[in-house]
Amino acid sequence: MVDEGEARSRQVAEGARETAWKKASFLRDLFLGSFRADLVFPYPDEPPERAEFGSFYEELKTFLATRVDPIAIDETGEYPPEVIEGLAAMGAFGMKIPTEYGGLGFTQREYERVMALLGSYDANLTALLSAHQSIGVPQPLKLFGTEEQKRKYLPRCAKGAISGFALTEPRAGSDPATITALAEPTRDGKAFILNGTKLWCTNGTLAELLVVMARTPPGDGISAFVVETRWKGVEVKRRCRFMGLKALANAELEFHDVVVPRENLIGVEGRGLKIALVTLNAGRLSLPAATTGAVKACLEICRKWSNARVQWGQPIGKHEAIAHKLADIAATAFAMESVADLAAEMADRGGYDIRLEAAAAKEWNTVRAWEIVDDTLEIRGGRGFETERSLAARGEVPIGIERMMRDSRVNRIFEGSSEIMHLFMAREAVDKHLEIAGALIDPKKRPAEKLVAALRAFAYYAVWYPTRWLGWSWWPRFRTFGALAPHVRFIERASRKLARSLFYGMLVFRAGLERRQAFLFRTVDIAMELFAMTAVTGRVRQMLDKGHPNAREAERLADLFCRKSRRTVAARFRALWRNDDVLQYRIGRNVLDGAHAWLEGGIMGLGRTAAELEPRAFVKRPAAGVEVHAISAPAPR
Ligand SMILES: Cc1cc2nc3c(=O)[nH]c(=O)nc-3n(C[C@H](O)[C@H](O)[C@H](O)COP(=O)(O)OP(=O)(O)OC[C@H]3O[C@@H](n4cnc5c(N)ncnc54)[C@H](O)[C@@H]3O)c2cc1C
């Protein structure tokens, strides 16, 4: 049974989906069992460096090295005004804004090189610049704004008018159907009156401009607006603070009867969520690049420390356990960079629908980055857990792995949590099947409709299914990939198996497939691994073809990466049908119902919901100057 709330959430998500696939999509075809090598090979060459970009990049590098102290930014929890001013003077707030609107007009790949540089140095600055131009005002205006809106706002943004994106609300996180912010049209229709609360708006305390999502009656659809924070009724209610990204200018915002002129509506009324989704297609590409920068920093740190640190008679890097980690970090860093560059190139080239590749790059890279930061902390031992200031006080090099760890965890949550990224990709993975056979498995369809659907499905699958078995994925295909050819052939074979598995999933689970998240998520994991393998094999071949001096080393990294990836893929395929999903779900539901609450005895009981907290349980700590909510007494059990 799907309850009303769930049905509404699905309806809103479906309404915001781009239903048409007007352009080529490598991953969509992969899910359908077609390995479209022509879409990705040859792997994009390194573009020649444009002088305008080169000079900016060098200036930024010098600026970071001489004027930005990431440790102080982390400790004070503030962006120094001179850093923001310096970035603005350089044009860093207008990197992706076209030159005719006063920006630097960088390509996605150029922008990503900057994100990688920043990601290797200061995550707070990465978030500031990325929230502004990946999801803030510039990106949706570039894609959906009127000429007038572009002329009005883009030059301001390029000069340094900081912007943010306000979608999340206290009760509306991953599920935008529950948004309550309301923008009611005025009687004369010339404006909207905006009321509501937005949570965790990055850049919210500094922003001059916001993209705000709100419901617009009478249709009640969600619309997107440019809102100026100087307008009457816009209030920063409080600044939010986090385990990492300490300087993030993140705010809870309130809107009280804010008059938003109709000219500030972005795109079509009621289509705001779709605008947000399309904006995020390219917007999501910042994180894959920034995390690549961060893991490259990890690689350098691990290489140097594993050589320098001697324990048990030899450098720790020579002990097999650490050597293996080093190899993994190097191979994965190479793969992450290959994935980020390939996705960015697709965005630059145009002609691709990159919604799946961007989601895969975001999800795959942020998870790999988290694992690598964790391994780096392990390799640094106790020093990995120590703050930079404490290391420096003892005369050691202040290497901030603990800061990096605090800063990087949220990458798996914002701009689409891991689960939501999987769901998003899974929905598209089964799209074609739903289009062909959806009516067959829909319990609400009448017998006559099912009959029509059955005939259509038969006609389609009679051709499609056998061809998912037939395919040449053995020698000599892809032999130009040399030592990596077996891996490329594996991708081709595995993509057909993936498509067959999804088809079987439809047959076995029918309408219940959409609830089989474990099954669907494994198929998404397989597709992401195959995408990463495609990126690394293609990149190595391109390096070999071009006579790149490091091509042979890259080939070794790619080989190691693909071997491991193939084992991951094989394990995921096995787990599709041999698993504990039903038992695990049942126990999860038992936990939910409190059947295992007995296990929670003997603890202080911090996991209470707001409703369970009594007013007396809040204590103030005036000394800190901040109101701290702590729990003073355990709840009675
Ligand atoms: C530092 C920071 C900065 C942020 N910046 C911004 C910003 O600039 N603008 C903005 O609008 N928002 C911002 N956010 C909000 C962010 O996008 C949300 O935190 C994110 O979308 C998840 O929403 P939530 O935290 O409410 O989690 P929930 O939606 O409550 O989810 C909780 C958990 O349940 C999982 N879950 C939810 N639904 C499903 C499902 N159907 N199936 C399986 N699992 C599910 C989630 O993946 C998550 O693990 C920011 C958040 C943080 C922490």
Side-chain angles (χ1 to χ4, degrees), residues 9 13 16 74 77 115 118-119 122-132 134-136 164-179 197-205 211 213 238-253 273 276-277 279-295 336 339-340 355 358-374 377 402-427 517 521 524-525 528 607 609:
S9 299
D74 178 66
M115 285 295 132
L118 286 165
D122 188 333
N124 284 296
L125 288 187
T126 315
L128 168 75
L129 291 175
S130 159
H132 166 68
S134 295
I135 57 173
F165 172 81
L167 170 67
T168 305
E169 296 179 4
R171 290 170 65 97
S174 311
D175 174 11
T178 43
I179 279 183
T197 300
K198 291 290 174 183
L199 187 62
W200 297 328
C201 176
T202 296
N203 291 349
T205 62
V211 176
M213 301 286 163
R238 62 173 59 82
R239 184 168 175 181
C240 307
R241 297 288 189 172
F242 304 97
M243 82 183 249
L245 297 183
K246 293 286 186 189
L248 205 67
N250 188 289
E252 181 177 357
L253 301 170
L273 266 188
L277 280 183
T279 301
L280 274 169
N281 283 344
R284 283 207 179 98
L285 294 175
S286 295
L287 279 176
T291 48
T292 298
V295 302
M336 286 173 63
V339 164
R355 74 182 99 152
K362 190 271 177 187
E363 172 59 15
W364 197 81
N365 276 23
T366 55
V367 176
R368 297 293 84 79
W370 173 248
E371 292 163 358
I372 289 179
V373 171
D374 186 42
L377 195 147
E402 67 86 29
R403 172 165 60 86
M404 198 185 259
M405 185 162 236
R406 284 189 281 109
D407 288 346
S408 56
R409 183 59 183 85
V410 75
N411 292 334
R412 292 175 54 190
I413 295 172
F414 58 18
E415 294 186 18
S417 69
S418 265
E419 291 76 16
I420 298 303
M421 288 293 86
H422 276 83
L423 276 179
F424 175 76
M425 287 184 264
R427 170 64 186 84
Q517 293 190 340
F521 286 15
V524 168
D525 287 339
M528 288 194 293
T609 60

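For the numbers below, each heavy atom of this structure counts, side chains included, while hydrogens, waters and symmetry mates do not.
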Considering all heavy atoms, the nearest [X]-[Y] contact:
X	Y	answer
A251	C240	C-SG, 4.0 Å
L277	A16	CD1-O, 3.4 Å
N281	A358	O-CB, 2.8 Å
A131	T202	CB-CG2, 3.5 Å

Do [X] and [Y] have side-chain heavy atoms sitting under 4.5 Å apart?
X	Y	value
I135	L280	yes
N250	F242	yes
M336	V339	no
V410	M243	no

side-chain contact (heavy atoms from CB on, under 4.5 Å) with [X]: which residues, sequence neighbours excluded?
X	answer
L423	I420, Q517, F521
T197	P170, E252, E254
E402	T387, R406

For [X] and [Y], indicate whether the former's side chain and the latter's backbone hold a donor-acceptor pair under 3.5 Å.
X	Y	answer
R409	W370	no
N203	L128	yes
N124	A247	yes
T291	P288	yes
K198	L167	yes
R239	L248	yes
R427	A13	no

Would you compute the distance between atom [atom1] of [X] and atom [atom2] of [Y] and round it to the nearest 0.5 angstrom?
X	Y	atom1	atom2	answer
L287	T126	CG	OG1	9.0 Å
T366	R284	OG1	CZ	10.5 Å
L129	M115	CG	CE	5.5 Å
I179	L273	CD1	CG	6.0 Å
M528	K362	CE	NZ	10.5 Å
T168	F414	OG1	CZ	11.5 Å

Summary of salt bridge (Lys or Arg N to Asp or Glu O under 4.0 Å) pairs that have at least one residue in residues 285-295, sequence neighbours excluded: none

Applying side-chain hydrogen bond (donor to acceptor under 3.5 Å, both in side chains) as the test, list every pair that has at least one member in residues 170-179; sequence neighbours left out. S9-D175

Within residues 411-420 or reaching into it, pairs that qualify as side-chain hydrogen bond (donor to acceptor under 3.5 Å, both in side chains) - sequence neighbours excluded: E363-S418

Per side chain to side chain contact (heavy atoms under 4.5 Å, CB included), M404 is matched among V295, V373, I372 by V373

